[in-house]
J.: 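A single structure is presented below for examination.
Naming: A, B, ... by sequence-line order, numbering from 1 per chain.
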Protein chains: 2
Amino acid sequence: MRITKKQILQTASDIADQDGLSGVSLKAVAAALQIRTPSLYNHIDSLEGLLLEVAHSGMREINHQITQTTVGISGDTAIQSAGEAYLCFMIAHPGVYETIQWATWHQNNETEQILSDYHCLMGKLVLSCGLNIAELDPVVRLLEGFLHGYATQQLGSALAQPDVAFADMSSALDVVLLGIHQKYQ
Amino acid sequence: MRITKKQILQTASDIADQDGLSGVSLKAVAAALQIRTPSLYNHIDSLEGLLLEVAHSGMREINHQITQTTVGISGDTAIQSAGEAYLCFMIAHPGVYETIQWATWHQNNETEQILSDYHCLMGKLVLSCGLNIAELDPVVRLLEGFLHGYATQQLGSALAQPDVAFADMSSALDVVLLGIHQKYQ
DNA sequence: AATCAAAACTAATCTAATTAGTATTTTAGC
DNA sequence: GCTAAAATACTAATTAGATTAGTTTTGATT
């Protein structure tokens, strides 16, 4: 009958994916876990705190997926794989992704730490392209910005037609990489 | 003593810019207008409906600004101007921009209409580059995705250092345009 | 078996959205 | 100007959900 924090996070994430961010309430989470709402406070600070943790968990998972999928590969291929993993997460967990968006407006230290890990990871991938880059930051920001923006924009159609979304994203990323290669050859 | 819908929208937008999306409540809007909360229902459907209208109003304003700033210019210059106008709006109205993000997860017919206008507008700018493009859509999506993602990502630092943000965005956009020119020359 | 801390519960409070119903004011037609 | 209709404001009441306070139960450890 005892509940763990992990279960709470998982339940909240599931509800988000099913009903959207606005569907996540302490009432709904408690009901799904078959406990009373106030009992949640033995594990969490507040609804906002829980949502932030859902977001963090998702962000870490994206970092993890990108890391896994790019082990042993480099250059454009690696960056394409990263994009694929990113889109893949978004399609599998639209509600968590929405929560991540929300979290970017409610950042705390931990959010920044995870983002920093992400920047570091993408930086390594960019470096693996072997380009003549003086400053890594601008390139990383460009790639991350594109990834986020393109994926978000395509979410609607991506849920309906994942295959098309992957192909489209790959083509678009190719164009971006083309520009990067051109500039930093 | 009478209140107009315009005033309500303006007040809600101002509160959003000042306190963030989560600061917009019917209570706060009513207080700022010096009326009682239920009186708002003579003009709006619900809090969610009001937020959607705030978002729509902001989206139309972005379309308008881009239109204005690109009158009489074409090609990369026009696209750079569009990006500048976009970033400019975001810096001036971060709360409304946050509401627009939120609205993308709560779209309705009107949202889609405004987005469609935006696609059309960006399409014209891309066409003005005089490239050899068979399908306009992918290029428009790439540009829009980049703009949205890059601007959003930079919001934090852009509020602190607008000048830097404009310069960075312009450089990044140059790279994207370089890739587009390369591919569709 | 006794104890202590964690975690569940019930009961109560608080905030904010929303609804119902009433009064007032503006507008339009005469 | 005067009246009826419509719009808009108000008060009062309801509802939902987060949060807090205080109590009881549970489970691990001695």
J.: For D:dA7 and B:H43 - does any side-chain N or O of the residue sit under 4.0 Å from the phosphate oxygens OP1/OP2?
T.: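 So the side chain of B:H43 is outside the cut-off, no N or O lying under 4.0 Å from OP1 or OP2 of D:dA7.
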J.: For A:H106, enumerate each residue passing the ring-ring contact (aromatic ring centres under 6.0 Å, His included) test, keeping only those at least two apart in sequence or located in another chain.
T.: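 A:H106 satisfies ring-ring contact (aromatic ring centres under 6.0 Å, His included) with A:W102 only.
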J.: Please list, by residue number, the residues of residues 6-19 of chain A whose heavy atoms come closer than 4.0 Å to an atom of DNA chain D; answer none if no residue qualifies.
T.: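 Here the set is empty: none.
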J.: Going by the rule salt bridge (Lys or Arg N to Asp or Glu O under 4.0 Å), which residues pair with B:K124 if we only count those two or more places apart in sequence or in a different chain?
T.: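 Partners of B:K124 by the salt bridge (Lys or Arg N to Asp or Glu O under 4.0 Å) criterion come out as none, since no residue qualifies.
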J.: With sequence neighbours excluded, what pairs up with A:H56 under the ring-ring contact (aromatic ring centres under 6.0 Å, His included) test?
T.: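 With sequence neighbours excluded, A:H56 shows a ring-ring contact (aromatic ring centres under 6.0 Å, His included) to no residue whatsoever.
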J.: Walking along DNA chain C from 5' to 3', note the first and the last nucleotide with an atom under 4.0 Å from a heavy atom of chain B, and give both.
T.: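 Here the contact window of chain B covers C:dA16 to C:dT26.
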J.: Please report the distance, rounded to the nearest Å, between CG in B:L40 and P in D:dA9.
T.: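 Whole-Å distance recorded here is 8 Å.
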J.: Applying side chain to side chain donor-acceptor pair (under 3.5 Å), which residue pairs with at least one partner in residues 16-37 of chain B are found, sequence neighbours left out?
T.: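 Counting only pairs at least two positions apart or across chains, the side chain to side chain donor-acceptor pair (under 3.5 Å) contacts touching residues 16-37 of chain B are B:D17-B:H93.
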J.: Angle class for the B:W105/A:Y97 ring planes (parallel below 30°, perpendicular above 60°, tilted otherwise)?
T.: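 Judged by the thresholds at 30° and 60°, the geometry between B:W105 and A:Y97 is tilted.
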J.: Among pairs that include at least one residue of residues 145-158 of chain B, which meet salt bridge (Lys or Arg N to Asp or Glu O under 4.0 Å), considering only residues two or more places apart or in two chains?
T.: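 Sorted pair list comes back empty.
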J.: Using salt bridge (Lys or Arg N to Asp or Glu O under 4.0 Å) as the criterion, list what pairs up with A:E144, not counting sequence neighbours.
T.: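 Checked A:E144 against salt bridge (Lys or Arg N to Asp or Glu O under 4.0 Å); zero matches.
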J.: Using a cut-off of 4.0 Å between protein heavy atoms and nucleotide atoms, how would you tag nucleotides 16-30 of chain D 5' to 3' with B, S and -?
T.: -SSBB-----BS---
J.: Which residue pairs pass the side chain to side chain donor-acceptor pair (under 3.5 Å) test with at least one member in residues 38-53 of chain B, sequence neighbours excluded?
T.: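 Every pair satisfying side chain to side chain donor-acceptor pair (under 3.5 Å) with a residue in residues 38-53 of chain B: B:K5-B:E53.
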J.: Kindly state each residue pair satisfying side chain to side chain donor-acceptor pair (under 3.5 Å) with at least one member in residues 160-181 of chain B, sequence neighbours excluded.
T.: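 Passing the test, one end in residues 160-181 of chain B: A:R141-B:D168, B:D76-B:H181, B:Q80-B:S170, B:Q80-B:D174.
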J.: The criterion is salt bridge (Lys or Arg N to Asp or Glu O under 4.0 Å); which residues satisfy it with B:R60, sequence neighbours excluded?
T.: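 Expected list: B:E110.
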